[in-house]
Structures are given as structure tokens and as C-alpha cells.
**Q** 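Once you've had a glance at the structure underneath, I'll fire off some questions.
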There are 2 protein chains.
Amino acid sequence: MIEKLIATIQERYAFSEEDANMLRARMTETLEFKPGDIIVPEGEEISYSSLLVEGFSCRSKYTTEGSRQIMQFNIPGDFVDLHSYPLEVLDHSITALTDCRIVKLQHRDITQIIDSNPRLGRILWFATMVDASMHREWLVCFGARAGAMRVAHLFCEMFYRLQVVGLTQGKSYRFPITQADLAQALGFTTIHVNRMLRELRDEGLATFRSKEVEIPDLKALEGRADFDPAYLYLEPRHQ
Amino acid sequence: MIEKLIATIQERYAFSEEDANMLRARMTETLEFKPGDIIVPEGEEISYSSLLVEGFSCRSKYTTEGSRQIMQFNIPGDFVDLHSYPLEVLDHSITALTDCRIVKLQHRDITQIIDSNPRLGRILWFATMVDASMHREWLVCFGARAGAMRVAHLFCEMFYRLQVVGLTQGKSYRFPITQADLAQALGFTTIHVNRMLRELRDEGLATFRSKEVEIPDLKALEGRADFDPAYLYLEPRHQ
DNA sequence: CGCCTCATTGACCTAGTTCAATTTGGGTGG
DNA sequence: CCACCCAAATTGAACTAGGTCAATGAGGCG
């Protein structure tokens with residue numbers, strides 16, 4: 001399982017076999033989490049980064065009024081807190097949405113890896129910048145895309161991301177979250193999310209039932225969502 | 001001027017004198033821009049990064065419907081597109097809001113610098129991660145903070161950031177943008193921004209007149225905005 | 001002086017929220 | 001296998017933050 005993921009990352013980020021081995025050797029320790037568990041707590045000094053190998057988690061923050069904003073969903077293959085290496089302390093938490101398994105990579109190992117192979121450092125840096133790019137696209141969604149469009153955009157994003165790691169089945173994929181989670185991610189109320197889902201369903205563009213998203217015609221949904229996958233930087237790199 | 005900025009960055013990011021000299025030697029070429037000019041265009045291959053030494057610019061994207069979303073304001077001292085080093089191609093544009101001057105740092109020089117001093121690489125990486133952290137806080141603002149609160153939050157953020165580079169005067173600072181720009185950044189209409197500004201003014205918390213923000217009581221405004229500067233990572237680092 | 005951009009205000013409209021039920025479906029104990 | 005339970009989904013009705021449309025001021029500058 002972890003091998004398959006390393007292979008995927010290897011291809012996507014143009015890893016050499018040597019690079020992959022270097023990582024492999026240092027990534028053996030795993031941790032497991034239950035839904036609702038905090039994988040990485042906000043505000044604490046962190047000494048290792050976590051590669052999510054199984055399950056779904058999310059980045060989120062709470063406001064002082066108690067409402068929670070989800071800023072990103074993490075899927076298998078994501079380094080959920082690689083940015084804790086440069087930042088040391090995170091501004092937000094990572095929370096498990098399902099049963100999750102992560103593999104640790106100690107920060108001191110990252111330092112060592114980068115010292116001996118600066119090119120790999122740039123690749124790791126790249127990975128964190130893709131997250132930033134997603135944040136920016138979400139900001140566009142929040143500021144300039146309303147209602148069903150916003151929901152549709154998220155469904156497209158998740159499709160592309162999950163496809164890369166082989167977690168789509170034809171026109172559908174498993175998205176193991178509740179409508180309440182969805183609402184916290186989209187900046188809507190649960191009720192409104194429900195209505196927007198119905199709208200997409202009625203339009204025949206997408207269904208979300210029993211934690212499964214089905215998209216009969218991806219291009220059509222992309223059109224509805226004003227979606228362009230460029231910001232995900234999925235094309236293989238060539239540095 | 002650039003010396004003063006390097007000094008500021010030096011303190012904030014724990015640069016050694018040697019590091020600073022290394023950068024100084026490679027940052028000599030400057031470019032100038034007029035309001036509205038595109039400093040870094042979306043989607044193009046980029047071979048150098050730009051340190052903004054004078055003026056204000058912003059990160060923004062356009063939707064296909066033509067509306068523009070501003071995702072961040074850049075101020076003097078910001079490496080506006082350092083992330084173009086790992087990404088190579090940017091997902092958004094950087095546009096000048098006022099007369100701007102930037103200093104170039106070639107990507108090949110960055111590679112050289114990092115190869116000879118990996119620690120400096122981590123510092124540069126850190127700088128880009130602070131931008132990502134700001135994006136996340138903005139996402140919270142969009143999803144969970146409404147009306148005048150959102151405006152207040154931005155005013156607080158700008159105060160802290162400008163203070164670091166010595167661009168505040170007591171309780172006020174110059175913020176050379178229009179209410180329309182403000183609206184595009186906050187996800188409101190110009191009209192609504194105007195109303196929210198009046199609200200803050202009536203409450204005696206902040207005024208924005210002739211491109212000048214005045215905050216009589218910063219703590220009070222922070223309370224109104226649910227603002228906590230931690231996400232800006234302004235505390236001097238200690239790696 | 002006159003123009004043009006930007007700020008301001010009012011009146012009306014709508015997307016999204018709030019409150020309050022009701023339904024559905026998966027899981028669990030008897 | 002059925003009865004029950006509980007979380008999640010769904011729907012309706014009333015309300016409000018924010019948008020839209022339209023008009024008026026106010027400042028800067030050629």
C-alpha cells in the first residue's frame with residue numbers, strides 16, 4: 001500500500017529511484033487514528049511530518065465563536081503537514097474524518113535528506129505550494145462562486161485529486177464525509193448544502209448519496225463549476 | 001531603502017550577516033511598474049522571483065465570468081512570487097496597485113544559494129508558508145466571519161504586517177487602495193464595503209479615508225474582528 | 001471650469017440563514 | 001428477524017445579510 005503511494009508520488013513529482021529509497025528507509029513508523037481524532041494539533045511544536053496513507057482527514061480552524069472552518073480535505077498520498085517542517089508550529093489542526101493511518105517522517109530526517117540532495121528539497125517545497133494554490137482557488141470559490149457552483153467545484157477538485165491516487169471508480173468516488181462537514185468546508189449551512197445538492201441532482205450533474213459522489217458527465221460539471229484543474233499542478237514536473 | 005528592508009527581513013527570519021550578503025550580491029536588478037501593471041502574469045514560465053521594495057500590489061485571479069478575486073495584498077518587503085521557484089508557473093497574477101519597484105532574484109541563483117546553504121532554503125520555504133497561512137486565515141474570514149468583522153480583520157492584518165516594515169504611523173497607516181479593491185478582496189460588493197466601513201466608523205473602531213486607515217484602539221478592533229496575529233508568524237524565529 | 005473616478009446613500013430584491021419539524025437508513029440489542 | 005435508536009438527510013416557512021439598481025456627492029486634475 002505505501003509502496004503504491006510512493007510510486008504514485010514518484011511519478012507525479014519526478015522522483016528518482018534513489019530519492020524514493022531514501023524516503024522509504026526513513027518512513028517506517030506508522031500511527032492510526034479514529035474519526036474525530038486530532039492528527040496534528042494547532043499551536044504545538046512539531047518534530048515530524050505525516051504522510052497520510054489511508055483515510056480522509058481535513059485541515060480546519062475554529063473561530064472563537066466556536067464555528068469550524070474546513071480549509072482542505074486530505075486524501076491518501078497527501079503529506080498533511082509537511083509545512084510544519086519550515087513552520088515548526090501550525091496555525092491550524094489536522095483532524096481525522098475516517099479511520100486514518102499515517103507514516104511519520106522526522107524533521108531531522110528531512111533536514112538530512114535536503115542537505116544531501118537539495119533537489120529533493122525543492123520537490124518537497126513544491127508539494128506544500130500546491131496546497132497554497134488550492135487555498136487560493138478556494139478563496140476564489142468563496143468570494144466569487146455561489147451556491148451549487150461552489151459545491152460542484154469541490155466535487156470536481158476531489159475527483160481529479162482522487163483519480164491521481166487511483167481512488168475513483170469510473171464516474172464516481174467515495175467521499176466519506178457528512179453534509180455537515182461539507183457545509184463547514186463550503187461556508188454554508190448544512191441546510192443550504194442539502195438544497196444545493198438537490199439542485200445538482202435535479203440538473204443531473206452530480207449526486208452525493210451514502211458517502212459516494214457520482215458525476216455522470218465530468219465536463220458538464222466542470223462547465224457548471226467554472227472549474228479548471230491547472231491549479232492542482234497534476235501534470236508531471238520536469239525540473 | 002533595500003538595505004533597510006534586508007535588515008528587517010534579516011531580523012525577522014534570523015538571517016546571518018553572511019546570508020544577507022549572499023542575497024545582496026545577487027539582488028541588484030530592479031524593475032518598476034505603474035498602477036494596474038501586471039508584475040507577474042498567471043500561467044507563464046518564470047525564471048526569477050521578485051522582492052517588492054516599494055509600493056503595494058496584490059495576488060488575484062479572474063473567474064471566467066470576469067469577476068476578480070484578490071487573495072492577498074503585498075507590501076514592501078514581501079517576496080511576491082517566491083513560490084514561483086518551486087512551482088515554475090503561477091496559478092494567479094501579481095498586479096501593481098500603486099507605483100511599484102521590485103528587485104529580481106534569479107531562480108538559478110536561488111538554487112545556488114540553497115545548494116551552498118540549505119538552512120537558507122528552509123528560511124525561504126518558511127516565507128512562502130506564511131503566505132499559505134494567511135490564505136487559510138482568509139478562508140476562515142470568508143466562511144465564518146461576516147460583514148464589518150471581515151473588514152476589521154483585514155485592517156488588523158495590514159496593521160501588523162505594515163508595522164513590521166515600519167510603515168505604520170502611530171495608530172494609522174497608508175493603505176493606497178480603493179473601496180472597489182477592498183470589495184474584491186473581501187468578497188463583497190463595493191456598496192456593501194462602504195456600508196461596513198460606515199459601521200466601523202460609527203462604532204469608533206476604524207476609519208478609512210483618503211487611502212488612510214486609522215485605528216483608535218487596536219485591541220478593541222481585534223476584539224471586534226476575532227483577530228489573533230499568530231497566523232502571521234511575526235515572532236522572530238529560532239532555528 | 002468641467003470631467004472623471006471614487007465614495008455615499010436609498011429602495012428594493014434574493015441568496016442564504018434560522019428555526020422547527022419530519023423522514024430516512026444504518027446499527028444494535030433482544 | 002424485528003423493534004428501537006440515533007445520527008444524518010430533507011423539507012417548509014419566515015427572516016436577514018448582502019446584492020442590485022439607480023442616483024447623488026465630493027475630490028483631484030488637466
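This is a predicted model, so every value here is computed, not measured. Chain letters run A, B, ... following the sequence lines, proteins first and then strands; every chain starts at 1.
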**Q** What integer distance in Å separates Phe175(B):CZ from dA7(C):P?
**A** 12 Å
**Q** Between P on dG18(D) and CG on Leu186(B), what's the gap in Å once rounded to a whole number?
**A** 11 Å
**Q** Closest-nucleotide mapping onto DNA chain C: is Gln179(B) or Arg195(B) further toward the 5' terminus? I mean the 5' end.
**A**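 Here Gln179(B) is the residue nearer the 5' end.
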**Q** Are Lys171(B) and Glu214(B) close enough for a salt bridge, meaning some N to O gap below 4.0 Å?
**A**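 Salt bridge between Lys171(B) and Glu214(B), a charged N being under 4.0 Å from a carboxylate O: no.
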**Q** Between atom CG in Leu182(A) and atom P in dA8(D), what is the gap in whole Å?
**A** 13 Å
**Q** If you look at every strand shown and take non-hydrogen atoms under 4.0 Å, does Ile191(B) touch a base, only sugar-phosphate, or nothing?
**A**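 Base contact.
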**Q** To the nearest Å, give me how far apart CD (Glu212(A)) and C1' (dA9(D)) are.
**A**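 Nearest whole value for this atom pair: 17 Å.
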**Q** Which whole-number value in Å describes the distance from Phe188(A) CZ to dA15(C) C1'?
**A** 9 Å
**Q** Could you state the atom-to-atom distance from CZ of Arg209(A) to P of dT23(C) in whole Å?
**A**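 It is 20 Å, rounded to the nearest whole Å.
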**Q** Specify the separation, in whole Å, of atom CG of Asp202(A) and atom C1' of dT11(D).
**A** 13 Å
**Q** If the plane angle is over 60° it's perpendicular, under 30° parallel, otherwise tilted; pick one for Phe142(B) and Phe142(A).
**A**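 Phe142(B) and Phe142(A): perpendicular rings.
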**Q** Tell me: NE2 of His192(B) to P of dT8(C), nearest whole Å?
**A** 15 Å
**Q** So, does Asn194(A) get its side chain near the phosphate of dT10(D), meaning an N or O under 4.0 Å from OP1 or OP2?
**A** yes
**Q** Check this for me: Glu29(B), atom CD, are more than 12 non-hydrogen atoms of other residues, nucleotides or ligands nearer than 6.0 Å?
**A**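 No, CD of Glu29(B) has 12 or fewer neighbouring heavy atoms, counting only those of other groups under 6.0 Å.
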**Q** Look at the side chain of Arg59(A) and the backbone N and O of Val80(A), then say whether any donor-acceptor pair between them is shorter than 3.5 Å.
**A** yes
**Q** Please determine whether a side-chain nitrogen or oxygen atom of Arg198(B) lies at a distance below 4.0 Å from atom OP1 or OP2 of dT9(C).
**A** yes
